[in-house]
S.K.: 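This is the structure, below, for whatever I ask next.
Numbering of ligands and ligand atoms starts at 1, following listing order.
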Amino acid sequence: MRTSSKARAPHLIAAVPEAPRTAIDLETAGDTPILREYRAVKSDHPDAIVLARLGDFFEMFGGDAEIAAPVLGVQLTGRGFGAAGRLPMCGVPHQAVVQHIRKLLDAGQRVAIWDQVGEVVSGRLVRREVTRVLSPGMVVEAELLAPAAVSRCVALLASHGRVGVAAFDPNSQHLELFEVDGGLDSPVVADELARLDASELLVEDTTPIPAGLAALATVTPLAAAVFEPTRAEERVRRATGAVSLDGLGVSAVPLALRAAGAVLAYCERARVVISQDLLRIAIRPADGSMRLDAHTRTNLELFARLGERGTSLLQLLDATRTPMGTRLLRARLQEPLTDVSGITARLDSIEVLLADRDGRRHLRDALGGMRDLERLVARCVQRLATPRDLGAVRDACAALETTRRAAHAIVPSAEIAQAAERCLAPEGMGESLRALLCDDLPVHASDGGAIRPGADADLDQLRSAGSAARTYLAALEVGERERTGIRSLRVGYNRVFGYFIEVPNAQRDRVPDDYSRKQTLAGAERFVTPDLKEHETIVLHARERAIAREQELLAGAAARVAIAARALTDAAAAVATLDVAQALATIAEEERWVRPAIDESASLRIIGGRHPLVERTLGPGRFVPNDVTLDDNARIVVLTGPNMAGKSTYLRQTASIVLLAQIGSYVPADEATIGVCDRIFTRIGAHDDLSGGLSTFMVEMAETAAILRQATGRSLVILDEIGRGTSTYDGVSIAQAVVEYLHDAPQLNCRTLFATHFHELTVLAASLPRVRNARVEVVEDGTDITFLHRIVPGGADRSYGVHVAKLAGIPGGVLVRARQLLAALERARPLGGGGGDSDQLTLSISDPGPHPVMSELASLDVDGMTPIAALNKLSELRERAST
Ligand code: ADP
């Protein structure tokens with residue numbers, strides 16, 4: 001890994017890969033000044049890997065080195081301390097430190113950067129400070145952030161059956177406060193953490209953490225004292241600059257306020273600068289948006305799961321041009337609206353953008369010139385901005401202006417008009433950055449060359465002093481060749497020795513007296529002269545001072561951006577709004593989606609609905625559109641049909657259409673009228689909760705129970721194959737009871753799509769007035785079937801299980817036997833009897849059906865039994881029949 005140790009500060013600790021001796025800890029190691037300081041830092045940050053900047057390397061010692069070396073894939077070396085043993089060490093070059101920090105964070109470690117902050121003076125210990133403590137929720141470094149994602153640090157405080165939540169994004173510095181009923185293990189907390197993309201949770205170190213929470217994000221226990229109310233209030237007051245907290249409305253959420261105190265304390269420790277100009281505290285109202293649970297997120301494929309490829313709804317919708325737009329789109333998907341006016345306002349924007357193709361194209365072009373303004377501002381606030389970041393702010397100021405003009409040119413919706421007004425760079429900011437910065441900018445300020453000539457008189461002077469001396473040095477070679485007569489003499493420069501005059505050995509006797517020897521090479525000698533030295537000092541000194549001046553000017557520019565943070569992030573938010581609107585319009589046009597009509601009714605009517613992702617996968621014209629009607633007369637649709645017919649797709653497409661409509665998007669249908677839903681509940685597919693030790697059936701029942709408890713009359717409930725994970729009798733009974741409950745419970749009676757392969761359930765429509773039957777049309781041709789994927793009224797009369805088994809490639813012999821058994825079973829006991837709306841359900845909760853002995857008798861393989869076995873079975877069955 002390490003190629004050179006030359007640049008390592010030699011007076012500190014020299015690492016030597018050595019034969020393993022007893023590894024010792026920090027305390028036992030010797031007492032060099034640096035180790036003494038290091039120990040102090042380590043004791044302040046015992047839970048972090050401390051990266052100590054020594055020269056050109058970041059080094060780790062002792063236990064930290066032992067943890068980090070394998071994670072980073074670097075060699076574990078050591079420094080010997082005589083008989084005491086060896087102190088383990090490892091290090092990484094400072095240029096590559098970011099990628100190594102990423103690896104440590106990914107491995108769940110916290111990282112403290114102990115960096116050089118003073119000037120490096122030979123022979124003296126450089127001043128070092130902990131400049132950053134990075135943990136999953138406290139990352140502001142551009143290189144470590146995914147542009148499309150937000151990761152929040154969320155403090156949770158549970159007390160007396162309530163949980164206070166303070167969710168903080170250190171980049172945008174939005175702090176959201178709210179409280180929920182329940183404990184830390186409440187599903188509401190888990191759903192909220194998923195919505196918030198929480199990557200780190202701060203909790204009192206005295207609180208036991210439910211396993212479920214620990215699985216969601218890195219948990220960081222903090223001393224209970226940081227959640228203390230008066231301290232928290234003081235912290236919030238200081239951070240906001242408010243004299244009193246009354247105006248913030250935080251008194252309504254006292255637990256969340258205490259959690260906010262913990263977040264702010266944690267920011268201090270992480271050395272994240274809290275800017276009064278940026279910090280925004282919002283109290284989240286209890287309603288106003290739709291809470292999505294983990295199942296619904298997964299079932300509707302909202303987001304790609306970590307490390308998973310393939311499409312998600314977010315990917316499908318993401319025709320945004322800026323990272324701010326992508327993040328807003330994600331946030332909208334996380335939190336669909338429940339108020340008609342909010343949804344309508346968003347839909348209006350799409351409509352005007354669809355009507356004006358040219359206008360939309362201009363807007364898209366303008367947005368394309370915008371970089372991640374929000375994060376650029378954050379980096380200026382954190383004093384991490386590079387010259388190129390400032391250049392990007394400059395370009396964004398220009399792009400804001402073009403975006404504003406493009407937005408104004410469109411006949412605007414209220415939302416677009418408002419965004420266009422806010423799409424404004426602070427007065428003069430773009431011009432002043434343009435005047436200050438060069439067009440092409442260096443990566444680091446220390447490279448020099450970021451400031452435009454003519455922008456600063458001091459800098460110009462330093463630069464011209466340097467360049468005069470450089471001109472002198474350039475001319476020196478010619479002059480010295482003439483003076484000495486050494487034609488192969490050359491003037492050169494290297495970083496270690498500076499400027500020199502090089503003379504090949506063959507000419508050595510012609511070297512004049514005023515040359516003093518500096519370095520001997522294989523074939524040449526290098527010299528300096530007093531004159532050369534003097535000019536060298538001017539050149540180097542001028543360069544050093546010029547760079548210092550450049551850094552000063554850049555820091556000043558970054559500070560001006562930071563002061564204008566509020567205005568710039570407002571503009572960035574406006575950009576995001578415009579970007580999402582144009583993205584949704586673009587997708588609506590490409591995918592031929594329509595504007596849904598949104599109202600307060602409890603109905604749902606979709607004509608020609610499609611599943612957005614399945615349609616995309618199948619390609620144009622291959623997806624069969626379907627209708628849905630759920631109104632006051634028809635609350636529940638029981639959908640029957642064989643496996644693979646398209647039941648689950650139909651259910652998911654309906655939920656996706658509602659969700660899309662409520663984020664304010666057009667929808668994949670010919671027509672849609674949607675009464676706003678307060679929640680969408682989905683229970684689809686069977687899966688084991690292996691880590692939780694629950695069986696498929698248990699998971700299914702727990703999820704169903706949660707829906708029955710939480711749904712309201714305004715919810716949309718999607719249930720797929722309830723009761724599959726248990727025996728047929730249990731399964732049908734439970735499925736029927738669930739439908740009856742959804743139908744009859746006064747607080748429910750909610751819009752429900754219920755898919756099942758138990759065709760026995762179709763009889764429910766006869767007894768429950770608001771239940772309708774639907775089935776997936778299947779064409780049967782002997783032992784073959786074709787799926788039409790068309791949903792039609794009426795119930796299926798059979799399961800076609802054996803047909804599907806054939807499609808799946810089960811061997812012919814097995815199929816023949818299965819058909820025999822099926823026929824025998826159907827003769828032996830009338831389970832369901834044949835379906836159809838008018839048929840009686842012979843199996844119901846009050847009528848448990850034929851005695852199990854009958855079923856067993858019917859399924860006996862008499863031919864395959866010996867006479868003795870048959871007699872035994874007969875006596876066993878007689879015994880059971882008589883009990
Ligand atoms: P089920 O839930 O009935 O077992 P699925 O909904 O999983 O069936 O659908 C099975 C497959 O059939 C899907 O993967 C899809 O490729 C196809 N399919 C489903 N619905 C449609 C449709 N409306 N149009 C075209 N293909 C469909």
S.K.: Give the residue and atom name of whichever protein heavy atom lies nearest to atom 10 (C) of ligand 1, and the separation in Å to one decimal.
M.R.: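 So the nearest neighbour among protein heavy atoms is M644 O, 3.6 Å.
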S.K.: Does even one non-hydrogen atom of A755 get within less than 4.0 Å of ligand 1?
M.R.: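 False for this residue.
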S.K.: Purely on distance, is any nitrogen or oxygen of F623 under 3.5 Å from one on ligand 1?
M.R.: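 Looking only at distances, the answer is no, because the N/O contact criterion of under 3.5 Å is not met.
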S.K.: To which protein heavy atom is atom 23 (N) of ligand 1 closest, and what is the distance rounded to 0.1 Å?
M.R.: V624 O, 2.9 Å
S.K.: Does ligand 1 have an atom under 4.0 Å from some heavy atom of G641?
M.R.: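 Under 4.0 Å: no for G641.
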S.K.: Heavy-atom pairs closer than 4.0 Å: do any link ligand 1 to the side chain of P642, the backbone, both, or neither?
M.R.: backbone
S.K.: For the CG atom of L328 and the CD atom of Q334, what is their distance to the nearest 0.5 Å?
M.R.: 12.0 Å
S.K.: Between S413 and D348, do the side chains contain an N or O donor and an N or O acceptor separated by less than 3.5 Å?
M.R.: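 No donor-acceptor contact under 3.5 Å links the two side chains.
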S.K.: Ligand 1 versus D720, non-hydrogen atoms closer than 4.0 Å: side chain, backbone, both, neither?
M.R.: neither
S.K.: Which protein heavy atom lies closest to atom 16 (O) of ligand 1, and at what distance to 0.1 Å?
M.R.: L618 CD2, 4.1 Å
S.K.: Could you tell me the residue and atom name of the protein heavy atom closest to atom 6 (O) of ligand 1, and the distance to it rounded to 0.1 Å?
M.R.: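 For this ligand atom, the closest protein heavy atom is T649 OG1, 2.6 Å.
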S.K.: Of all residues at least two apart in sequence or in a different chain, which pass the salt bridge (Lys or Arg N to Asp or Glu O under 4.0 Å) check with R321?
M.R.: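 R321: no salt bridge (Lys or Arg N to Asp or Glu O under 4.0 Å) contacts found.
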S.K.: Heavy-atom distance under 4.5 Å between the side chains of L761 and V732, does that happen here?
M.R.: yes
S.K.: Looking only at side chains, do T762 and N773 share a donor and an acceptor under 3.5 Å apart?
M.R.: no
S.K.: List every atom of ligand 1 that sits less than 4.0 Å from any heavy atom of R622, numbering the atoms from 1 in the order shown and giving each element.
M.R.: 25 (C)
S.K.: Looking at T640, V738, V771, which hits side-chain contact (heavy atoms from CB on, under 4.5 Å) with F754?
M.R.: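 When T640, V738, V771 are each tested with F754, the side-chain contact (heavy atoms from CB on, under 4.5 Å) holds only for V738.
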S.K.: Looking only at protein heavy atoms, which one is nearest to atom 2 (O) of ligand 1, and what is the separation?
M.R.: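 Protein heavy atom with the smallest distance to atom 2 (O) of ligand 1: S648 N, 2.8 Å.
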S.K.: Do you see a protein non-hydrogen atom under 4.0 Å from atom 14 (O) of ligand 1?
M.R.: no
S.K.: Check this for me, if you would: do D191 and R291 make a salt bridge, where the nitrogen-to-carboxylate-oxygen distance has to be below 4.0 angstrom?
M.R.: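 Yes, this pair counts.
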S.K.: Under a 4.0 angstrom heavy-atom cut-off, which atoms of ligand 1 come close to A645?
M.R.: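 Answer, ordered by atom number: 1 (P), 3 (O), 8 (O).
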S.K.: Among all protein heavy atoms, pick out the one at the shortest distance from atom 22 (C) of ligand 1; state its residue, atom name and that distance to 0.1 Å.
M.R.: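 Protein heavy atom at minimum distance: H789 CB, 3.4 Å.
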S.K.: State whether the shortest distance between N or O atoms of K647 and N or O atoms of ligand 1 falls below 3.5 angstrom.
M.R.: yes
S.K.: Can E721 be said to touch ligand 1, with heavy atoms closer than 4.0 Å?
M.R.: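 It does not, in that no heavy atom of E721 comes within the 4.0 Å cut-off of ligand 1.
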S.K.: Using only atom types and a distance under 3.5 Å, with no angle test, would you say the side chain of Y650 pairs donor to acceptor with the backbone of V776?
M.R.: no
S.K.: Note the single closest protein heavy atom to atom 8 (O) of ligand 1, along with its residue, its atom name and the distance in Å.
M.R.: G646 N, 3.0 Å
S.K.: Check for a donor-acceptor pair, side chain of T617 on one end and backbone N or O of L613 on the other, with a separation under 3.5 Å.
M.R.: yes
S.K.: Can a donor-acceptor pair be found, under 3.5 Å and without considering hydrogens, that links the side chain of T704 to the backbone of E700?
M.R.: yes
S.K.: Hey, does the side chain of D579 reach the backbone of T322 with a donor-acceptor pair shorter than 3.5 angstrom?
M.R.: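 A pair under 3.5 Å: yes.
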S.K.: N643 heavy atoms, cut-off 4.0 Å: which ligand 1 atoms fall inside?
M.R.: 4 (O)
